Amino acid sequence: MSQHELALDTGQGNGAVSEGRRSRSRLGLVVTGVVGGSLVALYVVAAPFVAPALRRVCLPFVPATTAQVENVLRVLRPRTGTLVDIGSGDGRIVIAAAKCGFQASGLELNPWLVWYSRYRAWREGVHRSTSFHISDLWKATFAQYSNVVIFGVPQMMDQLEVKLANELPSSAKVVACRFPFPTWVPESSEGEGIDTVWVYDAKTFHSDLHRKTGQTFILPTAS
């Protein structure tokens, strides 16, 4: 092989190696872009669902179990009227209650969850008997509700006791899930472990509030 042919062959070999390296580099950039884009998309979709749902305390979205939903419906079975789920998440309690005849509402700070709940209610045919609101529970009023469901955390329950006692009508029932209220005495409970729900009668905690304050307490009535 002549010196010219050898140089030409070497140049072609180097060119092929360089082209291969460039191809691998482009492939690496594409893979990195796809993985990075997927992670960003996953974060955008998932972050609102696990973000805190209430401002005063850290209350991340944790979906109710099937047993919890069934226990809530079981203790409310004899009742009718309006119902509100405080921190309604993906809407499963509200939707299940609407299917049982309640006019049900959900209060939730996370707008993604509110929009998703509205879609689920429409898909399951109960959008006319449900409503979902982007709302801070501490700024909402509860005088219009005869049934209240709350999936709370211990840090918020003592403050919520005072708010509900001052606002709910005497005919109301409150169902606490996962954690009971700290001073109220439940009239009954249902389930075991994390699926336990506690039922409270407004007449009882109104009476307790009157006894603690030593003042005449005028019970609100349902409108």
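None of the values given here were measured: they were computed from a predicted structure.
The side chain to side chain contact (heavy atoms under 4.5 Å, CB included) check on Arg178 picks up Val62, Gln68, Phe151, with sequence neighbours excluded. In this structure, Arg79 has no salt bridge (Lys or Arg N to Asp or Glu O under 4.0 Å) partners at least two apart in sequence or on a different chain.
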When you look at Val149 and Cys177, which way does the side-chain contact (heavy atoms from CB on, under 4.5 Å) test go after all the steps? CA-CA 8 Å; Val149 180; Cys177 308; 4.0 Å; yes

Would you check, one step at a time, whether the test side-chain contact (heavy atoms from CB on, under 4.5 Å) holds for Trp198 with Val174? CA-CA 8 Å; Trp198 295 265; Val174 179; over 6 Å; no

For side-chain contact (heavy atoms from CB on, under 4.5 Å), just list the numbers for Leu137 and Met156, CA-CA rounded to whole Å, side-chain angles, deciding distance to a tenth of an Å, and then say yes or no. CA-CA 11 Å; Leu137 81 86; Met156 67 182 285; 3.7 Å; yes

side-chain contact (heavy atoms from CB on, under 4.5 Å), that's the test. Do Leu164 and Ile150 meet it? Break it down for me. CA-CA 11 Å; Leu164 294 179; Ile150 171 68; 5.6 Å; no

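Residues Ser117 and Glu108 bring no donor and acceptor atom of their side chains to less than 3.5 Å of each other.
Between Phe142 and Pro169, the closest heavy-atom pair is O-CD, 4.2 Å. Taking each heavy atom of Val94 and Ser105 in turn, the nearest pair found is CG2-O, 3.4 Å.
Atom OG1 of Thr80 sits about 11.5 Å away from atom CD of Gln103, to the nearest 0.5 Å. Atoms CD1 and CG, from Ile134 and Leu113 in turn, are 10.0 Å apart once rounded to the nearest 0.5 Å. Interatomic distance, CG of Leu83 versus CG of Leu73, reported as 9.0 Å (0.5 Å rounding). In this structure, Asn71 CG and Thr196 OG1 are separated by 7.5 Å, a value rounded to the nearest 0.5 Å.
Here the side chains of Glu187 and Thr204 are not in contact, with every heavy-atom distance at 4.5 Å or above. Inter-residue side-chain proximity for Glu124 and Arg120 is flagged as met; some heavy-atom pair is nearer than 4.5 Å. Residues Tyr200 and Pro180 meet the side-chain proximity criterion, which asks for heavy atoms closer than 4.5 Å. In this structure, the side chains of Val148 and Lys173 stay at 4.5 Å or more apart for every pair of heavy atoms.
Taking the six-membered ring for Trp and thresholds of 30 and 60 degrees, Trp184 and Phe205 have nearly parallel ring planes, at less than 30 degrees apart.
Each of Asp90, Val126, Val69 was scored for a side-chain contact (heavy atoms from CB on, under 4.5 Å) with Ile95, with one residue passing: Val126.
In the hydrophobic clustering of ILVMFWY residues, with side-chain heavy atoms under 4.5 Å counting as a link, Ile194 and Val199 come out apart. Phe179 and Leu107 are members of different hydrophobic clusters when ILVMFWY side chains are connected at heavy-atom separations under 4.5 Å.
Heavy-atom contacts from other residues, nucleotides or ligands closer than 6.0 Å to CZ of Arg123 number more than 12.
Remark: the backbone N or O of Ala104 is not paired with any side-chain donor or acceptor of Thr130 at under 3.5 angstrom. Side-chain atoms of Arg118 come within 3.5 Å of backbone atoms of Phe132 as a donor-acceptor pair (strictly under, hydrogens ignored).
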